[in-house]
Amino acid sequence: MRRLSLLEDTITRRLAITVTLAAGVTLLVLQLFFTFGGQWAKPDIQETGLLGVVGTVIRMVEVAQPSDRSHLIEAANTNEVHFAWYEKDSHVSHLLETGHYREDEVGQSWHFLQPYLRRYPSKIVVFQEDNPVSQESGLPYDRHRFRDAYFVGVRFGDGSWILCVALERVWGLYSPQRLSLQGLMLALWVIAVSMIASRQMSRPIEHLAQGVKQLGLQPRTAHIDEKGPREISLVAQTINGMQAQIQRFIEHRTTMLAAISHDLRTPLTRIRLRGEFIQCSQQQTALFRDVDEMQAMIDGALSFFRDDASGEESIMFDLPGLLQTIAYDYCDQGHTVEYQGPGKASYVGRLYALKRVFTNLVENAIKYATPPTIDLEIQPNGDFLVFIRDTGPGIPEESLPRVFDPYFRLDKSRNRQTGGVGLGLTSAQTIIRSNGGDITMTNRPEGGLEVCVHLPKI
């Protein structure tokens with residue numbers, strides 16, 4: 001019985017879950033912010049209603065008779081704000097008149113109080129506990145209980161003062177600060193949620209891309225994991241199926257060509273036997289030369305096909321050790337082949353196939369040029385570059401693009417005793433590319449040939 005689509009691991013399901021969780025976490029974060037945010041989470045001062053109360057009391061006291069102002073002040077006191085009225089010649093009035101205040105607070109307070117007052121007062125001051133006026137005795141609040149009180153003093157036209165004391169700050173940030181903070185938090189949260197959602201969507205695709213890369217580096221053994229959302233899993237299954245079909249086709253083709261090359265040996269043997277009865281020695285020699293050439297071509301083809309169909313597994317080995325061994329072997333044969341590079345470095349690949357490649361390249365340099373130097377460089381990304389450099393005549397520029405073509409041979413190697421059938425470099429290129437790398441040849445400016453083998457880190 002097929003499961004419901006909502007219960008399957010699909011990209012749609014992952015996106016829906018991510019968005020749902022993001023919305024839920026957003027609500028939770030907002031709730032925590034309003035619960036524990038302190039001053040940041042409190043409403044704007046205009047939303048608290050405090051300014052309306054202060055403005056109403058100021059207007060009523062200002063129009064009342066001086067004899068009634070003390071009673072009105074007493075009746076206006078609440079648990080949030082206390083009021084006091086001081087005559088023109090009182091000590092507190094003198095302190096309020098001569099105190100030092102910050103202009104920005106004065107202007108900001110008038111901006112907030114303006115809708116609740118009929119006109120701009122003759123003077124308005126704002127201060128907190130750090131102002132000397134707040135240390136004066138007799139102010140209408142308990143200094144020991146309310147250590148963070150806020151004060152607003154307004155001078156009436158007759159020179160008297162009314163002092164409004166907000167015992168505790170019940171309002172939060174002002175509107176510009178609040179909007180800036182909310183915009184910043186919203187932007188940060190949107191970025192965080194977007195990164196989480198995009199990561200949920202991109203991770204399976206990255207794994208698929210890595211699998212396809214490994215498939216290119218190790219076409220015989222690599223396999224893409226058929227995991228992740230249903231859509232990605234279907235793509236992986238399709239690629240694996242296609243790779244298996246291509247591999248079977250290559251194996252069938254290689255087996256068929258190897259069988260044909262092997263079967264050609266029998267008629268060649270019969271031709272050689274019949275050539276023994278040719279009376280003309282000149283014709284007999286020409287025939288045997290053609291037979292030997294065909295035999296060499298068949299042997300080269302069989303060797304090439306066996307390399308293609310060998311199925312050698314990739315293992316970890318010491319690449320510098322392999323190159324040094326090849327150099328030492330040729331030194332024992334009397335050829336000065338030098339190795340330059342690190343002493344040890346691990347590489348994962350087809351050991352014996354790569355050994356045949358480097359041996360073939362060194363042997364070509366010795367046969368057609370001079371004993372080469374083998375240089376190994378490790379790139380910052382972990383890739384390996386192997387350079388085989390000689391000081392010979394090089395290769396004509398017009399022939400460089402064709403040196404890896406099957407059966408292509410330079411004129412100087414037409415002699416069968418010195419040249420092969422033209423499959424050595426083709427086989428080397430096939431082996432290197434089966435390891436995910438590449439091989440190139442260039443003529444050196446100072447003379448000679450440089451062969452560069454690129455082996456990527458796997």
Side-chain angles (χ1 to χ4, degrees), residues 210 213-223 300 303-392 394 403-404 420 423-442 444 446 448-458:
Q210 185 65 27
K213 180 181 179 182
Q214 290 296 116
L215 197 63
L217 298 178
Q218 298 286 339
R220 296 180 182 274
T221 58
H223 179 81
S303 177
F304 176 75
F305 294 139
R306 289 192 188 103
D307 283 341
D308 195 24
S310 63
E312 180 186 350
E313 296 293 335
S314 296
I315 61 173
M316 180 178 291
F317 63 92
D318 183 22
L319 181 58
L322 172 64
L323 299 176
Q324 292 178 50
T325 299
I326 295 174
Y328 294 154
D329 289 343
Y330 280 98
C331 288
D332 292 339
Q333 300 174 25
H335 305 290
T336 306
V337 178
E338 297 181 358
Y339 167 79
Q340 299 176 358
K344 288 185 177 295
S346 298
Y347 180 73
V348 178
R350 298 162 59 192
L351 171 60
Y352 297 105
L354 290 175
K355 183 177 181 180
R356 288 194 298 273
V357 169
F358 293 121
T359 300
N360 178 273
L361 295 175
V362 173
E363 185 173 348
N364 284 345
I366 294 174
K367 187 181 297 183
Y368 306 127
T370 62
T373 60
I374 304 175
D375 298 329
L376 174 61
E377 297 180 3
I378 303 178
Q379 301 299 298
N381 61 354
D383 291 359
F384 293 88
L385 293 180
V386 181
F387 297 95
I388 299 177
R389 302 183 176 101
D390 62 56
T391 57
V403 292
F404 295 105
L423 287 175
L425 291 179
T426 305
S427 178
Q429 185 185 59
T430 302
I431 293 172
I432 294 299
R433 288 184 174 178
S434 69
N435 280 266
D438 201 3
I439 179 172
T440 58
M441 285 188 178
T442 55
R444 302 172 64 193
E446 62 272 23
L449 186 69
E450 177 182 274
V451 182
C452 177
V453 177
H454 172 222
L455 296 173
K457 179 182 178 182
I458 299 179

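Partners of D438 under the side-chain hydrogen bond (donor to acceptor under 3.5 Å, both in side chains) rule, at least two apart in sequence or in another chain, are R433. Residues passing the side chain to side chain contact (heavy atoms under 4.5 Å, CB included) test with T370 are D390, T391, sequence neighbours excluded. D329 meets the side chain to side chain contact (heavy atoms under 4.5 Å, CB included) test with T325; sequence neighbours excluded. Partners of F387 by side chain to side chain contact (heavy atoms under 4.5 Å, CB included), not counting sequence neighbours, listed by chain and number: D375, E377, L385, R389, E450, C452. The side-chain hydrogen bond (donor to acceptor under 3.5 Å, both in side chains) check on N381 picks up D383, with sequence neighbours excluded. For F404, there are no ring-ring contact (aromatic ring centres under 6.0 Å, His included) partners at least two apart in sequence or on another chain. Residues satisfying the side-chain hydrogen bond (donor to acceptor under 3.5 Å, both in side chains) test with Q429, not counting sequence neighbours, are none.
Sorted by first then second residue, the side chain to side chain donor-acceptor pair (under 3.5 Å) pairs that include residues 333-343, not counting sequence neighbours, number zero.
For the atom pair E363 CD and R356 CZ, the distance stands at 13.5 Å (nearest 0.5 Å). Here the OG atom belonging to S346 is positioned 9.5 Å from the CG atom belonging to L319, to the nearest 0.5 angstrom. Residue K457 holds its NZ atom at 12.0 Å from OH of Y347, rounded to the nearest 0.5 Å. Rounded to the nearest 0.5 Å, atoms CD1 (I431) and CG (N360) are 9.0 Å apart. Once rounded to the nearest 0.5 Å, the distance linking CG of L376 with CZ of F358 reads 8.5 Å.
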V386 vs V451, side-chain contact (heavy atoms from CB on, under 4.5 Å): CA-CA, chis, key distance, verdict: CA-CA 8 Å; V386 181; V451 182; over 6 Å; no
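A365 approaches P372 most closely through the heavy-atom pair CB-CG, 3.7 Å. Nearest heavy-atom pair across I326 and K355 is CD1-O, 4.0 Å. Between A345 and P320, the shortest heavy-atom distance links the atoms O-CD, 3.2 Å. When all heavy atoms are compared, the tightest approach of S314 to R350 is OG-CG, 3.9 Å.
Between L455 and L354, the closest side-chain pair of non-hydrogen atoms falls below 4.5 Å. For the pair I366/V337, a side-chain contact is recorded, criterion being any heavy-atom separation below 4.5 Å from C-beta on. No side-chain heavy atom of I388 sits under 4.5 Å from any side-chain heavy atom of L449.
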